[in-house]
Each structure stands twice: as C-alpha cells, then as structure tokens.
Amino acid sequence: MVEKYNPIEAEPKWQKRWEESAIYHVDDNNKNPKWYALTMFPYTSGDLHIGHWYAMAPSDVYARFKRMQGYNVLHPIGFDAFGLPAENAAIKRGIHPKTWTMSNVENMRRQLKSIGAIYDWDREVITCLPEYYKWTQWFFLKLWQFGLAYRAKAPVNWCPNCQAVLANEQVVNGGCWRCETLVVRRDLEQWFFRITKYADELMRHDELDWPERIKLMQANWVGRSEGVEISFVIDYPGVEEKEISVFTTRPDTIYGVTFMVLAPEHPLVQKITTSEYKLEVETYIENARRCSEIERLSTERKKEGVFTGAYAINRLNGDKVPIWIADYVLLSYGTGAVMAVPAHDERDFVFAERYRLPVKAVVVSSRRDGDVLKEAFIENGLIVNSGHFNGMESTAAKTAIAEYVEQQGWGRRVVSYKLRDWLVSRQRYWGAPIPAVYCDKCGIVPVPEKDLPVLLPDDVEFKATGESPLKYCKSFVDTNCPNCGEAARRETDTMDTFMCSSWYFMRYTSPHFAQGAFDTDAIIKWMPTDIYTGGAEHAVMHLFYSRFFLKALRDMGLVHFGEPFKRLFNQGTVTRDHQKMSKSKGNVVNPDKYVSELGADTVRAYLMFIGPWEQGGDWDDSGIMGLSRWLGRIWSMALDKYDEVGCAAEGTQAAKDMFRLMHQTIRSVTEDMDRLRFNTMISSLMEYSNYLAKIREAGSVNVTEYREAVSVLLRLLAPTAPHFTEEVWSRLGYAYSIHNQRWPEWDSVIAQDEEILLVVQVNGKVRDKVTAPAGVTEDEAKSLALNSSKVQCFTAGKTLTQVVYVPGKLVNIVMK
RNA sequence: GCCGAAGUGGCGGAAUAGGCAGACGCGACAGUCUCAAAAACUGUUGGGGGGUGACCCUCAUGUCGGUUCGACCCCGACCUUCGGCACCA
C-alpha cells in the first residue's frame with residue numbers, strides 16, 4: 001500500500017514546477033489552432049470567495065480540455081480595478097484607492113494561483129494602471145473623433161448637504177447614505193456615447209451561440225417599436241409652440257384620446273401651465289425630482305398626476321382634451337408625451353378612473369361586447385367612432401391612420417427605442433480621466449494622442465462627503481489649451497468603469513504592446529473569443545457595451561469583426577442558505593479553508609459536481625468529502641501494485657468489456673466537456689473508476705491493459721484535478737507532464753454494445769426486459785417480446801391490436 | 001404588474017427527437033477493522049403491499065385536465081419558488 005495522497009504537499013510543488021517550466025506560457029507563434037477561452041475578470045474587491053471559484057475553476061477545466069485537444073489556448077486573467085468601492089475605502093478608512101486596489105490585487109493574485117489554473121501571468125491586465133488606461137482614454141478620443149461622443153445634460157443624484165453626486169447604491173430610501181439628506185435630481189452636462197446608432201444591429205444575434213434568454217434580454221433592452229409621432233394642437237394663447245408631439249404604437253385608437261399626459265420634466269410644462277394650477281404643478285414636479293427612476297416606475301405606486309389647466313386639440317376629430325402631467329411618463333422615451341386612450345390602454349384606464357376622466361371606446365371585438373368601463377380593451381378589433389376609418393380592422397387602421405396623418409402633415413411614422421445613449425461621465429476620482437480640455441477661446445478640445453495618458457494625480461485630498469477631489473487638485477485642473485496654448489481647465493469627470501471592461505479582452509492578446517491599445521496581428525490571431533463565461537448579471541450592460549465598442553471599432557477600420565464573443569455561457573450563482581452572498585450579510589464562503597484542508601482539486605471537482613454549471617446552487621459542504629474520497633480511491637487504484645492482486649492473460653472478455661466502457665466514457669466525457677456539463681462528466685468518470693476498482697479487485701485483466709485503462713482515466717480527469725493527476729502520472733513513471741498529453745479519443749466500434757437491453761411493455765407498462773444482440777431486427781425483437789412468459793401473463797385473454805417497436809430500445813404490445 | 005427560468009427520494013441532482021424514473025454523490029442504516037472511536041472499506045437504502053427466496057404487484061417527477069401505444073419530457077389551466085425589469089405609450 002502506498003501512502004495516502006497529500007494535496008497540501010503536492011499542489012504547491014506542481015504549481016512551482018509548472019511555473020518554472022513555463023508550461024502555460026502562451027506563444028502567439030505556436031502553430032496549433034488558436035482557442036481563446038475568456039472568463040470575466042474579477043473586480044478587485046479584496047478576497048476571492050467561493051463565487052469566484054465557481055466562475056474560474058470550471059472555465060479553467062474547459063480551457064485545459066481544449067489545450068489537451070491540441071489547441072493553443074489563451075485563457076487569461078486580469079483585474080477590473082477602477083470603481084467606487086476603492087474610493088469608499090479611501091473616504092472611510094483613509095487608505096488611498098490605489099493602495100487599497102493594489103494590495104487587493106496582490107492578495108487575489110495569490111488566491112487565484114491556488115486554483116491551479118493555466119493563466120499565463122505575463123498577460124495579466126490591470127485596468128487602473130496608466131499603461132492600460134492610456135488606451136482607454138485613446139478609445140475615448142477615437143469615439144469622439146468618429147462622432148460617437150457628445151455632451152448633453154443628464155440628471156444625477158445630488159446630495160445638497162454633501163454637495164456631491166451619489167451613485168444609485170448610495171441613495172438609501174431617497175436619502176444620502178452619509179447624512180440622510182433628501183437626495184434630489186440635478187442636471188449636469190455630461191459625456192455620452194451614441195450607442196443608439198447601433199440599436200438595430202445590437203438586437204441581432206444571428207451568428208452568436210448565446211443563451212436564448214440573454215439574447216431576449218438584450219433585444220428587450222433595445223426595445224424597438226414601430227409607431228407614429230403625431231402632433232396635437234396646443235389650445236393655449238400666447239405660447240410660442242403650437243403643437244405637442246406624442247409617440248404612439250396605437251394610432252388606430254387616436255379617436256379615443258380623452259386626455260394627454262406629459263412627463264413632469266417636459267419643457268412645455270412650464271409654458272402651458274395656467275396660473276390657477278401653477279402651485280400644484282410646481283409641487284408635483286418638485287416631488288418627482290426627488291424620486292429615483294426606479295421608484296417612479298414602480299407599479300406598487302399609485303398612478304398620480306396633476307392637471308396643467310391647458311388643453312390640446314386632436315386634429316382628427318377636433319376633440320379638445322385636457323393636458324395632465326404624471327411621472328409614469330418618461331422624458332427619455334418617445335417624445336416624453338403620450339396621448340391617453342383609457343378605453344384601450346391599461347395604464348391610461350387606471351389614471352382615468354382615478355381622476356374621473358372620460359373613457360371613449362373606439363375598438364370593439366366581435367368576441368366580446370366591449371364593456372370598456374370595467375377594464376381596458378387592449379386587443380385588436382373593429383374600429384368604431386372614428387370617422388371614415390369606421391369598420392376597419394385595427395391592423396389596417398394603424399396603417400390607414402398613419403398614412404392619413406402623414407398626408408395631412410400632422411406627423412410621421414417613426415421607430416422608437418427604449419435604448420438610451422451611454423452616459424460615461426462619472427463625478428469621481430477613481431477612474432480613467434476623460435481626456436478633454438476646456439478652453440475659453442477654443443471651447444472643448446480633445447487631449448492630443450501624444451499627450452496620453454492624462455495621469456490621475458496621486459496626491460489629492462479625499463473629502464468625507466465623497467465629492468470628487470479632482471475638482472480641487474489645481475495641478476491637475478490647470479493646464480494649457482492643446483490648441484491655442486492659453487490657460488485652460490481639464491475635464492475632472494472620469495469614465496464609467498464599463499469603458500475599461502469593454503476592451504480588456506483585446507489587451508490580453510498583446511498586453512505589453514506599447515505602440516497602441518492592441519497589436520492588430522495578435523487581434524487577427526485571437527479574436528473574437530471562442531467562448532466567454534461569466535455571471536448573468538452582466539447579461540445586458542457589460543456585454544452590450546462591449547458589443548457596441550467592437551462595432552464602433554469595426555466601422556473605424558480598427559478591427560475586422562463586429563462581435564467580440566462567439567459563444568457565451570452564463571454560470572449560475574452560488575448562494576448560502578438560498579441567499580446571495582455579500583459582505584454585509586456576513587455569509588461569504590471563503591474557499592481557502594477547504595483548499596488548505598482538502599486541496600484545490602477537491603474543491604474544483606466538488607464545485608463542478610454539485611449541479612449543472614448554469615444553474616449554480618446553494619453552498620453546502622456536506623458532500624465535499626465524497627469527492628476527496630473519490631480521488632483517494634483513484635490514488636490507490638492507480639498506485640497500489642496491480643500484480644500483487646492478480647494477473648490475467650491479454651484479451652479476456654473482461655478486458656473487452658473494460659475497453660468498451662473506456663471508449664464509452666471517453667465519448668461521454670468529451671461530449672459533456674463541450675457542452676460544459678461538468679456534473680455529468682464527473683459522474684461518468686466516477687462510474688468508470690468504480691468499474692476499474694472492481695476489475696482490479698477481481699484481477700480479471702492483464703497488467704498492461706489495466707494500466708492503459710488507468711492512464712485514460714487520469715487524462716480524462718486531468719483538467720478537473722490538475723495537481724492530483726500530475727502527481728499520479730509522475731509516480732507511474734510517465735513523462736512530465738500529463739497536461740501535455742493528448743486528450744483520449746474514442747472508437748465508436750469498440751464503444752458499441754454487443755448486446756442491448758430491450759424493454760418490453762404491455763399497454764405502455766414495463767413487464768419484462770430481454771437481452772438481444774445489438775443488430776436485432778424488428779421482427780426478431782417483436783417475437784422475442786411476444787414470447788416472453790411474463791408478457792404472456794398480461795396478454796392472456798386479450799386481443800392484440802398493435803405492436804410498437806423503437807429500434808434498439810423497446811417493444812410495446814398494445815392489447816384490448 | 002410584465003418577461004424569463006425552474007419545481008423529481010431525507011439532500012444535491014441523473015434521465016428530454018416522447019420510450020427502463022431516481023445514474024453519480026451526500027446522508028442514514030448494517031457490517032469489516034479496532035480495547036474503543038475516528039478514518040477507510042463492503043453492503044442496503046423512494047412509498048405501500050405480497051412472497052421462505054432469486055423476486056412479484058402497485059403508487060410516485062408541484063396540482064388538475066388533455067394529446068399519445070407510451071408523458072418528468074408535448075398542450076391547457078392553476079399553485080409555488082427563483083431570477084430580470086425601464087408602467088415603453
């Protein structure tokens with residue numbers, strides 16, 4: 001008996017050996033076909049918790065699998081290092097964001113190394129370092145040059161007490177998280193990227209192997225809808241504007257308009273409100289400004305609004321309708337104004353009921369008697385009360401009314417999107433400075449490329465309020481205009497960190513390239529990524545921004561493709577007692593404890609075994625010993641001397657059966673790997689190893705044959721348990737390293753079962769199982785079934801009506 | 001409220017082109033080893049009923065219906081849980 005496997009000794013030993021022999025060094029010039037297996041890089045939060053392992057370990061297993069299949073695999077790692085938490089640490093604990101971030105990087109790097117992944121650390125990317133953010137700034141300039149960046153006013157959460165901008169997360173129950181002062185919305189001039197230019201393209205995922213639900217989410221995020229913009233005449237003397245434009249997808253209901261609703265921020269509100277309603281309207285707007293968008297859009301809230309005192313005229317029928325304001329209408333969507341048709345829209349109906357506004361039915365259904373007083377009728381139907389459009393079908397009326405409106409010059413057909421442009425300005429310190437200069441003479445001037453990076457100054461004073469210290473850093477703000485050389489001011493806003501993460505995967509391909517953001521040759525070799533794995537929380541934002549980035553770069557001629565990620569896979573989340581893990585809840589599971597007791601390989605295998613990767617699961621360590629025991633059994637099975645147990649001749653039936661299972665296992669493990677079904681992959685490896693253990697005990701195969709079967713087991717297990725298999729491999733006397741071995745291939749002839757088990761049913765119930773040769777014909781199978789004595793017990797005294805045969809599987813005898 | 005996903009033993013989960021429900025593991029129980037315990041190993045393990053026994057019958061995949069020779073799988077209605085959400089006009 002050999003001594004037991006000791007992961008605590010073996011794991012660091014092999015990690016050191018791998019590092020010394022640079023076994024995972026990725027060489028661009030390697031002639032093997034390339035495979036880019038990307039994992040979402042972690043944020044530098046401080047500690048690697050079990051959720052990180054759940055993301056990193058299985059993706060490493062997959063990358064190792066591709067590597068053994070003969071690919072030149074790039075499976076890089078880096079850190080998303082800019083962001084709010086670093087700044088909070090600075091404010092709360094007086095640690096500089098850079099110090100905090102870099103010490104977290106150091107700690108997480110150490111923890112990441114304990115996973116035993118194939119990361120090539122020479123390619124590590126850290127977004128907060130000047131050599132990285134120099135190029136983030138460069139991309140900003142490119143997008144600006146290309147006409148995709150612009151400035152506009154946009155609201156922010158503002159704490160009047162701290163005089164600082166707050167993130168949504170920093171607004172607690174409508175108040176500032178530091179001083180609880182009521183947060184208000186304040187308009188600031190900020191930078192935007194024109195992502196809406198790519199709206200239609202971003203909705204398409206034709207070539208992408210992505211989960212359907214993510215595609216759906218993204219399509220819903222773009223929210224394309226075709227409709228009509230129609231103007232109503234303002235019936236209010238002395239107003240410069242004569243019309244209000246609304247967007248509707250239901251022009252067929254325009255004769256049913258009984259009022260209009262504007263967003264509280266709509267510019268016309270101030271102009272049309274009558275003196276009588278001024279106070280009420282002002283109060284309402286003031287309250288709306290205090291509400292976050294999430295609150296405003298919550299369905300829990302009652303739909304409230306106020307009358308402006310003004311009226312508008314529906315040009316189609318001359319109806320004079322009141323104009324209201326309500327916060328359920330958003331300025332950012334459509335035209336910020338809606339025509340309300342309570343008879344045929346649920347929200348409008350609720351609003352009309354509340355304020356006793358009239359309801360006028362203009363669509364009826366033959367299927368029901370349009371009783372619109374109880375609820376809105378939102379389906380299509382026959383048009384009534386609508387002048388010469390009466391009698392038309394809704395669908396036809398939509399076109400007819402749209403055409404009529406266009407002819408009259410009252411409006412036009414438009415496509416509207418929910419998608420808004422990407423706001424990239426952040427009023428914070430810990431981010432990449434936006435490379436722009438404000439000159440009194442020349443206006444807004446881009447920083448010349450040669451002057452990049454615009455360095456984030458280190459010696460700044462952090463204010464307890466959270467206000468960006470950059471504004472007060474004279475050495476940073478004061479500069480000269482790159483254009484005219486006169487004194488000028490730097491932009492003090494920094495970039496959204498999504499900007500940093502929109503291109504990091506390209507930097508991995510040439511991380512030390514000094515002449516540009518990336519080396520085009522390397523991009524051509526590696527991009528787009530073959531697979532991208534990560535959490536579903538990035539289903540929309542990050543993935544969406546990255547796709548936009550690539551489309552923009554493609555149109556600038558900088559890259560040859562427009563989609564960064566060919567295949568996407570979202571792993572589920574690991575919960576604790578069915579709750580999300582978070583530092584505040586104190587329920588974060590730290591894997592270090594398990595790694596130091598049982599080894600990384602056991603943790604890797606256990607995480608993959610607990611269930612399908614895309615489903616995640618609740619953390620419960622009760623089963624982890626099972627995986628540790630399993631590795632222990634393989635250890636003694638492989639290393640205890642076989643010839644002590646027994647020695648058979650070559651080519652016995654037992655050997656034949658063993659090789660059949662071996663090839664079947666290679667097949668199922670390979671297929672499961674490709675589908676990222678790691679739980680079933682491990683199950684089949686367990687079945688195979690259990691079988692080999694029995695063979696070993698019986699001594700029913702030859703030593704050489706047995707050793708071959710074990711060698712296949714080890715290679716199939718190598719991606720999952722890299723240290724363990726390396727140790728066993730070396731002890732068996734094979735050459736270093738198991739990870740440079742070829743992935744076993746299966747022979748479907750050997751994998752073929754000689755006999756099949758035929759299930760025999762009577763009226764759909766299993767009554768017998770008979771073995772038949774693999775090539776059994778339909779007639780043979782049927783007669784085997786009919787001759788079964790068990791079957792005859794159930795068929796006696798009944799009439800045979802049908803015999804169903806499923807080739808190689810089942811015979812169903814139908815009796816009456 | 002809308003959209004999406006999912007409900008299978010004591011537990012995590014297998015099995016979907018409609019064809020043996022419960023693979024594999026955990027736990028539990030029994031045994032081997034031990035003075036004893038732990039560890040390790042071996043065996044049993046969905047419920048109910050029957051047989052001395054190899055076994056046999058029957059019920060069972062959230063609930064109720066439907067389609068089918070046959071349903072965890074497809075269809076309809078409902079219940080529950082978990083995710084996402086921007087009242088989208």
Side-chain angles (χ1 to χ4, degrees), chain A residues 1 4 211-214 216-217 220-221 223-225 227 246-250 253 260-261 263 293-294 296-301 303 326-330 332-341 344-348 350-351 378 416-420 536-537 539-540 572-573 575 578 580 605-606 609-612 614-627 629-630 632-633 636 677 679-690 693 697 757-769 790 793 801-816:
Chain A
M1 293 285 272
K4 284 169 82 178
E212 285 305 317
R213 58 173 232 283
I214 305 290
L216 196 66
M217 270 193 217
N220 289 341
W221 186 263
R224 182 182 203 275
S225 56
V246 301
F247 173 74
T248 180
T249 55
R250 292 294 303 271
T253 64
M260 293 184 74
V261 186
E293 198 163 288
I294 291 163
R296 270 178 69 166
L297 300 177
S298 163
T299 51
E300 302 301 310
R301 273 176 90 233
K303 283 175 181 43
D327 61 9
Y328 73 87
V329 175
L330 295 181
S332 56
Y333 186 76
T335 61
V338 302
M339 59 176 219
V341 187
H344 306 294
D345 181 279
E346 280 166 6
R347 292 169 309 272
D348 296 345
V350 172
F351 197 82
I378 57 168
S416 202
Y417 299 95
K418 285 191 286 177
L419 182 70
R420 304 171 203 168
E537 68 270 23
V540 181
T573 38
T575 53
H578 303 284
K580 238 182 158 174
Y606 181 59
F609 186 62
I610 52 174
E614 71 263 39
Q615 269 175 35
D618 201 52
W619 176 258
D620 170 8
D621 60 13
S622 65
I624 197 166
M625 281 312 296
L627 277 294
R629 278 200 286 265
W630 177 51
R633 280 196 299 273
S636 51
R677 298 281 297 203
N679 56 330
T680 48
M681 173 201 75
I682 292 181
S683 290
S684 37
L685 282 176
M686 283 175 170
E687 281 175 83
Y688 179 53
S689 72
N690 289 347
E697 207 166 316
L757 194 67
L758 213 52
V759 172
V760 183
Q761 298 182 334
V762 177
N763 288 339
K765 289 197 171 174
V766 180
R767 295 303 181 188
D768 199 7
K769 293 161 193 177
K790 284 181 191 164
C793 296
T801 58
Q802 192 188 348
V803 181
V804 180
Y805 177 60
V806 181
K809 277 186 180 162
L810 151 150
V811 178
N812 187 14
I813 298 159
V814 187
M815 308 294 295
K816 239 183 179 170

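Please read all numbers here as calculations on a predicted model, not as lab measurements. First the proteins, then the strands, lettered A, B, ... as listed; each starts at 1.
Rounding to whole angstrom units, OH of residue A:Y328 and P of B:A89 are separated by 13 Å. Atom pair A:E687:CD and B:A15:P shows a separation of 11 Å (rounding to whole Å applied). In this structure, the CD1 atom of A:I682 is 12 Å from the P atom of B:G25, given to the nearest Å. Atom-to-atom, CD of A:E614 to C1' of B:C82 comes out at 15 Å; the value is rounded to the nearest Å. Put simply, CZ on A:R224 is 18 Å from P on B:C88, counting in whole angstrom units. Rounded to an integer number of Å, the gap from OH of A:Y688 to P of B:G25 is 16 Å. As a whole-Å value, the separation of A:R633 CZ from B:C24 P is 12 Å.
With both ends at atom P, the span from B:C74 to B:C20 equals 16 Å, rounded to whole Å. Atom name C1', nucleotides B:G13 and B:G4: the rounded distance is 23 Å, in whole Å.
Residue-level contact check: A:D620 touches neither bases nor backbone, having no heavy atom under 4.0 Å from any strand. Nucleic acid contact class of A:V804 (heavy atoms, under 4.0 Å, all strands): base. Residue contacts shown for A:L757 include a base, since a base heavy atom lies under 4.0 Å away. Within the nucleic acid shown, A:K418 comes within 4.0 Å of at least one base atom, counting heavy atoms only.
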Give the dot-bracket string for RNA chain B, reading 5' to 3', where a pair is Watson-Crick or G-U wobble with both distances under 3.5 Å, ( ) marks pairs inside the strand, [ ] marks pairs crossing earlier ones, | marks a partner on another strand, and . marks unpaired. (((((((..(((......[....)))((((((.......))))))(((((....)))))..(((((..]....))))))))))))....
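Closest to the A:F609 side chain, of the nucleotides B:C69, B:G25, B:A89, is B:G25.
For A:F247, there are no ring-ring contact (aromatic ring centres under 6.0 Å, His included) partners two or more places apart in sequence or in a different chain.
With its glycosidic angle within 90° of 0, B:G9 is assigned syn.
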